[in-house]
Amino acid sequence: MITCVVDYTIDAAKVAEFERFAQRWIELVNEHGGTHHGYFLPSEGASDKALALFSFPSLAAYEQYRQLFGVHPDFVAADKIRDDSGCVLRYERTFMRPLLPD
């Protein structure tokens, strides 16, 4: 299993738009072979940080999912939410492997 951790810098004034973007990506990851573990958003005070965690059975499965970016109409529409609203200022992806309880 491989887990993708996405570290977002968001526009703190556009959290509602980010939530709409995030909800759609949760659905898309789950529909296309992954397991989305959720987005983690600021809860108190002013913050411009958010995280997303989702897993795929393998890097090959993740790469198959990534081939849909910019091509599949649902993926294009989800990215349009981000692009039109400007809710995401930047993001960085890191791949990790989980160490789970025995």
Side-chain angles (χ1 to χ4, degrees):
M1 178 187 318
I2 187 164
T3 299
C4 183
V5 179
V6 186
D7 183 4
Y8 290 95
T9 301
I10 62 173
D11 184 332
K14 298 179 179 178
V15 173
E17 292 88 344
F18 182 81
E19 288 181 11
R20 192 163 54 95
F21 163 78
Q23 285 291 345
R24 188 62 189 119
W25 277 108
I26 289 171
E27 295 167 357
L28 289 171
V29 166
N30 290 335
E31 288 172 10
H32 292 278
T35 301
H36 209 296
H37 308 293
Y39 282 79
F40 299 84
L41 307 172
S43 70
E44 293 186 31
S47 178
D48 62 351
K49 298 294 179 192
L51 291 172
L53 287 89
F54 55 92
S55 297
F56 278 84
S58 65
L59 185 57
Y62 172 79
E63 289 173 351
Q64 185 175 14
Y65 153 83
R66 286 289 297 171
Q67 290 178 0
L68 299 172
F69 278 67
V71 178
H72 192 289
D74 292 342
F75 284 54
V76 171
D79 277 344
K80 188 169 173 26
I81 297 168
R82 179 199 62 214
D83 296 343
D84 289 353
S85 70
C87 63
V88 174
L89 303 177
R90 69 188 149 273
Y91 63 94
E92 180 178 309
R93 262 192 295 293
T94 305
F95 295 96
M96 307 185 98
R97 60 179 178 82
L99 176 62
L100 302 171
D102 289 335

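Rounded to the nearest 0.5 angstrom, Trp25 CH2 and Asn30 CG are separated by 12.0 Å. Taken to the nearest 0.5 Å, the CD atom of Glu19 stands 12.5 Å off from the CD1 atom of Ile81. Taken from CD1 in Ile10 to NZ in Lys49, the straight-line distance is 9.5 Å, to the nearest 0.5 Å. Note that the OH atom of Tyr39 and the CD atom of Gln23 stand 9.0 Å from one another [nearest 0.5 Å].
The 12-atom threshold is exceeded at CG of Leu100, counting heavy atoms of other residues, nucleotides or ligands nearer than 6.0 Å.
Among residues at least two apart or in separate chains, side chain to side chain donor-acceptor pair (under 3.5 Å) pairs with a member in residues 76-87 are Asp79-Arg82, Lys80-Asp84.
For the side-chain contact (heavy atoms from CB on, under 4.5 Å) test, residues two or more places apart in sequence or in another chain that qualify with Ala61 are Phe56, Pro57, Ser58. In terms of the side chain to side chain donor-acceptor pair (under 3.5 Å) criterion, residue partners of Ser55 (sequence neighbours excluded) are, by chain and number, Thr3, His37. Here Phe40 pairs with Leu51, Leu53 under the side-chain contact (heavy atoms from CB on, under 4.5 Å) rule; sequence neighbours left out. In this structure Glu27 satisfies the side-chain contact (heavy atoms from CB on, under 4.5 Å) test together with Arg24, Glu31, sequence neighbours excluded.
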Stepwise side-chain contact (heavy atoms from CB on, under 4.5 Å) check, Phe54 with Val6: CA-CA 9 Å; Phe54 55 92; Val6 186; 3.9 Å; yes
Could you tabulate the donor-acceptor pairs under 3.5 Å formed by side-chain atoms of residues 86-97, not counting sequence neighbours?
| residue | atom | partner | partner atom | Å |
| --- | --- | --- | --- | --- |
| Arg93 | NE | Tyr62 | OH | 3.3 |

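Note: Phe18 and Phe21 have tilted aromatic rings, judged against thresholds of 30 and 60 degrees for the angle between ring planes.
Side-chain heavy atoms closer than 4.5 Å link hydrophobic residues (I, L, V, M, F, W, Y) into clusters, and following such links, possibly through other members, connects Leu68 to Leu59.
Residues Val76 and Gly70 approach most closely at CG2-C, 3.7 Å, considering heavy atoms.
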